[in-house]
Amino acid sequence: MEIQKMKIPRHVGIIVDGNGRWAEKRGKKRSYGHKAGSENLEKLSRYILTKTGVEILSVYVFSTENFKRSVEEVDYLMGLFTKKFKNDSKKYKQENIRIIFSGRREPLKEEVLKTMDEIVEMTKDNTGGILNFCLNYGGHSEIIDATLKIHHDLENGVIQELDETVFSKYLYHDLPPIDFLIRTSGEYRISNFMLWQASYAEFYFPETYFPDFNEEKFDQAILEYTKRDRRFGGIDYEKKDH
Ligand code: FPP
């Protein structure tokens, strides 16, 4: 598909969902689905950031609430993150993709934090696109963490006033708004993902479980985005009588 000529979202968000159900459908353990999801994510993110014109991709891979899952599942996911960040850092570096993380460091274990810091450091000068892993991330926590820092800086005279532009600078990263938000697996919820950044996002909810959400399915999503009429609360008077 000739997507280069079309209206392309600058910042895309993906709420990764359906790994567990994908595995259960095949009579396998949930961990099998997470492994398949992680492999798909690596391939798909490289496609999105190097071939489609999307500049920033934010992916929700572990929410602050996911710590409520069984110890076995949380441990498996943490091990998977550690392994993948270690193994994939060279590929991202070569593809000129910069990796960043959004979320709280506490209570992530030292071994996970170490691989996160290493991949960030290794790719920090890359300019071909940003892959933002939202890991131990919560939209509420992000707003609270920003508010605490703002309170401190207001008290100390570092800033004098607050508006949307200033507030954004206190988030985990000062990224442009999410234009297009995809949640796989047929669930219609935002689940505490990038609440500030997604305020005017277009939403898309494919039925596909994440491990099967491939390049072709992403192209279909982009095609749908190009048909949306984004007005940001205004009215396009060229198209309407007034
Ligand atoms: C939520 O749905 C998915 C997760 C909590 C984990 C997502 C993690 C990955 C894809 C691995 C990412 C790997 C790296 C290296 C960042 P679910 O899969 O629990 O699905 P369910 O609702 O069907 O149970």
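With values rounded to the nearest 0.5 angstrom, Phe210 atom CZ is found 9.5 Å from Ile182 atom CD1. The distance from atom CE of Met194 to atom SG of Cys134, rounded to the nearest 0.5 Å, is 4.5 Å. The structure places CZ of Arg26 at 7.5 Å from OH of Tyr32, a figure rounded to the nearest 0.5 Å. Distance check, rounded to the nearest 0.5 Å: CD of Gln94 to OG of Ser89 gives 10.0 Å. Leu195 CG to Ile143 CD1: the interatomic distance, rounded to the nearest 0.5 Å, is 5.0 Å. One distance of note links CG of Leu175 with CD1 of Ile56; it measures 5.5 Å at 0.5 Å rounding.
Within the 4.5 Å cutoff, the side chain of Lys217 has no heavy atoms near those of the Leu44 side chain. In this structure, Phe101 and Tyr172 have side chains that are not in contact, with every pair of non-hydrogen atoms separated by 4.5 Å or more. Counting only heavy atoms from C-beta outward, the side chains of Lys25 and Tyr209 approach each other to under 4.5 Å. You'll find the side chain of Ile15 stays beyond 4.5 Å of the side chain of Glu187, heavy atoms only. In this structure, Tyr204 and Val12 have side chains that are not in contact, with every pair of non-hydrogen atoms separated by 4.5 Å or more. No side-chain heavy atom of Trp22 sits less than 4.5 Å from a side-chain heavy atom of Lys28.
Both Met116 and Val16 sit in one connected hydrophobic cluster of ILVMFWY residues. Membership requires side-chain heavy atoms under 4.5 Å apart, directly or through other members. One hydrophobic cluster holds both Leu154 and Val166 under the rule that ILVMFWY side chains link at heavy-atom gaps under 4.5 Å. By the rule that hydrophobic residues join a cluster once side-chain heavy atoms approach within less than 4.5 Å of another member, Ile130 and Tyr92 end up as members of separate clusters. Residue Ile100 is not grouped with residue Leu135 when hydrophobic side chains (ILVMFWY) are merged at heavy-atom distances under 4.5 angstrom, including chains of intermediate members. Under a hydrophobic-cluster definition in which Ile, Leu, Val, Met, Phe, Trp and Tyr are linked whenever side-chain heavy atoms come within less than 4.5 Å, directly or via other members, Val54 and Val61 are assigned to the same cluster.
A salt bridge links Glu121 with Lys124: the distance from a Lys NZ or Arg NE/NH1/NH2 to an Asp or Glu carboxylate oxygen falls below 4.0 Å.
Not one N or O on the side chain of His11 forms a donor-acceptor pair closer than 3.5 Å with the backbone of Glu55. Side chain of Thr184 to backbone of Asp17: a donor-acceptor contact under 3.5 angstrom is found. At distances below 3.5 Å, at least one donor-acceptor pair connects side-chain atoms of Arg183 with backbone N or O atoms of Arg189.
Here the shortest heavy-atom pairing between Leu108 and Met78 reads CD2-CE, 3.8 Å. Nearest heavy atom pair, residue Pro211 against residue Asn40, reads O-CG, 3.6 Å. When every heavy atom of Ile14 is checked against every heavy atom of Leu181, the shortest pair comes out as N-CD1, 4.4 Å. Closest non-hydrogen pair, Asn19 versus Gly37, comes out as OD1-CA, 3.7 Å. Leu49 and Gly129 get closest at one heavy-atom pair: CD2-CA, 4.3 Å. Annotation for Ile190 and Ala198: closest pair CD1-CB, 4.3 Å, computed over non-hydrogen atoms.
With sequence neighbours excluded, no residue forms a salt bridge (charged side-chain N to carboxylate O under 4.0 Å, His left out) with Asp75. Applying the ring-ring contact (aromatic ring centres under 6.0 Å, His included) criterion to Phe213, with sequence neighbours excluded, gives no partner residue. Here Asn136 pairs with nothing under the side-chain hydrogen bond (donor to acceptor under 3.5 Å, both in side chains) rule; sequence neighbours left out. Listed by chain and number, the residues in a side-chain hydrogen bond (donor to acceptor under 3.5 Å, both in side chains) with His140 amount to none (sequence neighbours excluded). Qualifying ring-ring contact (aromatic ring centres under 6.0 Å, His included) partners for Phe193, counting only residues two or more places apart in sequence or in other chains: Tyr60. In terms of the side-chain hydrogen bond (donor to acceptor under 3.5 Å, both in side chains) criterion, residue partners of Asn192 (sequence neighbours excluded) are, by chain and number, Glu65. Asn132 is linked by a side-chain hydrogen bond (donor to acceptor under 3.5 Å, both in side chains) to Ser58, Ser102, counting only residues two or more places apart in sequence or in another chain. Partners of Tyr225 by ring-ring contact (aromatic ring centres under 6.0 Å, His included), not counting sequence neighbours, listed by chain and number: Phe180.
For residues 84-95, the salt bridge (Lys or Arg N to Asp or Glu O under 4.0 Å) pairs, not counting sequence neighbours, are Glu42-Lys84, Glu42-Lys91, Arg46-Glu95, Lys84-Asp88, Asp88-Lys91. Applying the salt bridge (Lys or Arg N to Asp or Glu O under 4.0 Å) definition to pairs two or more places apart or across chains, those involving residues 193-207 are Glu202-Arg228, Glu202-Arg230. Counting only residues at least two apart or in different chains, salt bridge (Lys or Arg N to Asp or Glu O under 4.0 Å) contacts with residues 155-172 comprise Lys169-Asp174. Under the salt bridge (Lys or Arg N to Asp or Glu O under 4.0 Å) criterion, the residue pairs touching residues 138-153 are Arg104-Asp145, with sequence neighbours excluded.
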(Q) Show, in sequence, the C-alpha distance, side-chain angles and deciding distance for Val112 and Phe62, and conclude whether the side chain to side chain contact (heavy atoms under 4.5 Å, CB included) test is met. (A) CA-CA 13 Å; Val112 187; Phe62 197 88; over 6 Å; no

Q: Could you check Glu110 against Leu113 for side chain to side chain contact (heavy atoms under 4.5 Å, CB included), going step by step and ending with a plain yes or no?
A: CA-CA 5 Å; Glu110 203 44 55; Leu113 292 169; 4.3 Å; yes

Q: Using the side chain to side chain contact (heavy atoms under 4.5 Å, CB included) rule, take Asn66 and Val74 through it: C-alpha gap first, then chi angles, then the decisive distance, then the call.
A: CA-CA 8 Å; Asn66 285 153; Val74 171; 6.0 Å; no

Q: For side chain to side chain contact (heavy atoms under 4.5 Å, CB included), just list the numbers for Ile97 and Thr123, CA-CA rounded to whole Å, side-chain angles, deciding distance to a tenth of an Å, and then say yes or no.
A: CA-CA 7 Å; Ile97 293 169; Thr123 60; over 6 Å; no

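Of the residues Asn214, Thr52, Asp219, the one that meets the side chain to side chain donor-acceptor pair (under 3.5 Å) test with Tyr47 is Asp219.
Counting non-hydrogen atoms of other residues, nucleotides and ligands closer than 6.0 Å to CZ of Phe167 gives a total above 12. Around OH of Tyr200, the count of heavy atoms belonging to other residues, nucleotides or ligands within 6.0 Å does not exceed 12. The environment of Glu72 atom CD is sparse: at most 12 non-hydrogen atoms of other residues, nucleotides or ligands sit within 6.0 angstrom.
Ring to ring, Phe85 and Phe133 are close: their centroids are under 6.0 angstrom apart.
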